[in-house]
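Below is one structure, written out as structure tokens; comments come after it.
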Amino acid sequence: MSRKIFKAIWIAAFSVFLASLVFIMGISYNYFSSLQQSQLRNQTELARQGVALAGKTYFDNLSAENYRITWIDAQGNVLYDNEANSARMENHLDREEVRLALNKGYGEAERYSNTLADKQLYAARLLPDGSVIRLAIVQKTIWTLLLGFAQPISFVILIAFVLSFILASRLTKVIIKPINEIDLEQPEQYYEKENYKEIEPLLRHISAQRIQLKRDQEQIEKTALIRQEFTANVSHELKTPLHAISGYAELLLNGMVKDEDVKPFAGKILSESSRMTRLVEDIIDLTKLDSGGAEMKWEDCDLYRIAENAVDSLENAASSMEVTVHLNGTTAPMKATPHLLYSIVYNLCDNAIKYNHHGGFVQVSVTQDKHNTMLAVKDSGIGIPEENQERIFERFYRVEKSRSKEVGGTGLGLSILKHAVMLHHGKVDIHSEIGNGTEFIVTLPNAPKEAIP
Ligand code: ADP
């Protein structure tokens, strides 16, 4: 960057100098040209007066170094010329300045010499006797003038070149220094400071990016921690039924179980292994949901129908708890991912049965308005203490661990539900009172933007 700035300053300074030089030279040239012209006019007038007074004798002692003086009679014949033999000179009537002088009393003209390097300025005046006195002067063209000044001009250009180089390198250092001194860890400290006004938007951008990076970093660390905890919990949750299974199997193998106990032991092995199966299934579901919307396949489905299926498949569980399940509502068509909707209803109804009293009830209702579909699952169960209501959606969080295990809970059901609801852009509300039961209300949009192709 410093090379670029340096180059730009150097080129700019040098160009400004060259432009000024050309400009000044142009002005000076014009000034001297007009000065020369007015001098020529004056000299012509003087010569006219001299000739008018003294006639030909005027030329006798004349020393006109820079001027050429020609005296021409009314017919155009040259009577006198200070630089050539007048007798041999051609008729001058056709000369523009002579013609003008004869007609109007005064005439001026300019002509280039054969080489084009010089320009002749002419001025002619009419005398009372009808003759014309003409003066000529050589005016150098701007190119000959430049050629004459080539040496000093080159010298000045060289000095300007070097000076602009030094100026550019100094300025570059002055500009770059504050930028190099910026502490990018704390760009905020330079806001509103004189030296940094121009780069303040850049500093603000850097600061915003730093904050974003920090947040992302924190998020990554948090996610890593959650994963770590999850892995530890999973291993722990799997270990418990595995220990039980291998313990019972070992006892059976060693023949340490009485014949009448073989059946109950096999039953325990079966129930522990189905607990493991449920756990593994829940973990698989949760892992899939964790990977974001990859699981989402938006289809036309009916929440009421899905609720019917879920309630049906929980019939055995409900009857073993002596819990009655009522479903009411009407058809509720919506865009959603059917298997996730099913897991939402299933998990809520499963919990409502599991954490209920014997002889209790579960009320499932599906309602729909213009924008949303609502699923409410209300039970007459044990209720959830206020302080635990936020946390029950965390992985493996159970209000009462022993009760959850006893009823075959994995501690993952509500985590899965929360994820599924989030992926449908919905929300979950809880109303619960200890001893009086719980109501979960899930609200889902009928057709999220994402679902419309
Ligand atoms: P679990 O497999 O243990 O049921 P969940 O994630 O489904 O795991 O629920 C987390 C915890 O929330 C449960 O262990 C239970 O303590 C509490 N819970 C969930 N639903 C209810 C409910 N309807 N009534 C009382 N407690 C509930």
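Just so it is clear, the structure is predicted and the values come from calculations on it, not from any experiment. Reckoned from all heavy atoms, side chains included, excluding hydrogens, waters and symmetry mates. Each ligand, and each atom within it, is numbered from 1 in the order the structure gives. Numbers here are sequence positions counted from 1.
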request  = Write out the residue and atom name of the closest protein heavy atom to atom 4 (O) of ligand 1, then the distance separating them to 0.1 Å.
outcome  = Y355 OH, 2.7 Å

inquiry  = How far is atom 23 (N) of ligand 1 from the closest protein heavy atom, and which atom is that?
reply    = D379 OD2, 3.0 Å

ask   = Can you find an N or O of V399 that's nearer than 3.5 Å to an N or O of ligand 1?
value = yes

message = Does ligand 1 come near enough to G383 that some N or O of the ligand is less than 3.5 Å from an N or O of the residue?
response = no

key: Axial cation check for Y355 ring with R403, 6.0 Å and 45° limits   = no

ask   = Is F393 touching ligand 1 with its side chain, its backbone, both, or neither, if touching means heavy atoms under 4.0 Å apart?
value = neither

message = Please check whether K354 reaches ligand 1 - meaning an N/O of the residue sits under 3.5 Å from an N/O of the ligand, judged on distance alone.
response = yes

ask   = Sub-3.5 Å donor-acceptor pair from the side chain of N446 to the main-chain atoms of T373, do we have one?
value = yes

task = Would you mind checking which non-hydrogen protein atom is closest to atom 26 (N) of ligand 1, with the distance to 0.1 Å?
result = I384 CG1, 3.3 Å

inquiry  = Any nitrogen or oxygen of G411 lying under 3.5 Å from a nitrogen or oxygen in ligand 1? Just yes or no.
reply    = yes

message = For a 4.5 angstrom cut-off between non-hydrogen side-chain atoms, does E439 reach I430?
response = no

ask   = Near T438, which atoms of ligand 1 are under 4.0 Å from a heavy atom of that residue?
value = 24 (N)

key: Given V16, L18, I11, the one that forms side-chain contact (heavy atoms from CB on, under 4.5 Å) with F14   = L18

message = Measuring from atom 17 (C) of ligand 1, which candidate in T410, I392, I416 has the nearest non-hydrogen atom?
response = I392

note = Ranking V377, L414, N351 by closest non-hydrogen atom to atom 6 (O) of ligand 1, top hit is L414

message = Between R41 and E45, does any NZ, NE, NH1 or NH2 come within less than 4.0 Å of an OD or OE carboxylate oxygen?
response = no

inquiry  = What protein heavy atom lies closest to atom 10 (C) of ligand 1? Include the residue and the distance to one decimal.
reply    = Y397 O, 3.3 Å

message = If you apply the rule ring pair (Phe, Tyr, Trp, His ring centres under 6.0 Å), what do you find for F6 with W10, and how did you get there?
response = CA-CA 6 Å; F6 168 77; W10 192 16; 5.6 Å; yes

ask   = Is D94 paired with R99 through a side-chain N to carboxylate O contact shorter than 4.0 Å?
value = no

message = At less than 4.0 angstrom from any non-hydrogen atom of G409, what atoms of ligand 1 do you find?
response = 1 (P), 2 (O), 3 (O)

task = Within a distance under 4.0 Å of any heavy atom of G413, pick out the atoms of ligand 1 and give their elements.
result = 5 (P), 6 (O), 7 (O)

query = How long is the gap from OG1 on T410 to CD1 on I283, to the nearest 0.5 Å?
reply = 8.0 Å

ask   = Would you call R398 and E237 a salt bridge, using N to O less than 4.0 angstrom?
value = yes

key: Numbering as shown, the atoms of ligand 1 that approach L412 to under 4.0 Å (heavy-atom distance)   = 6 (O), 8 (O)

inquiry  = Within 45 degrees of the ring normal and closer than 6.0 Å to the centroid, is that where the cationic atom of R111 sits relative to Y122?
reply    = yes

task = Return the residue, atom name and 0.1 Å-rounded distance of the protein heavy atom closest to atom 3 (O) of ligand 1.
result = S404 OG, 2.7 Å

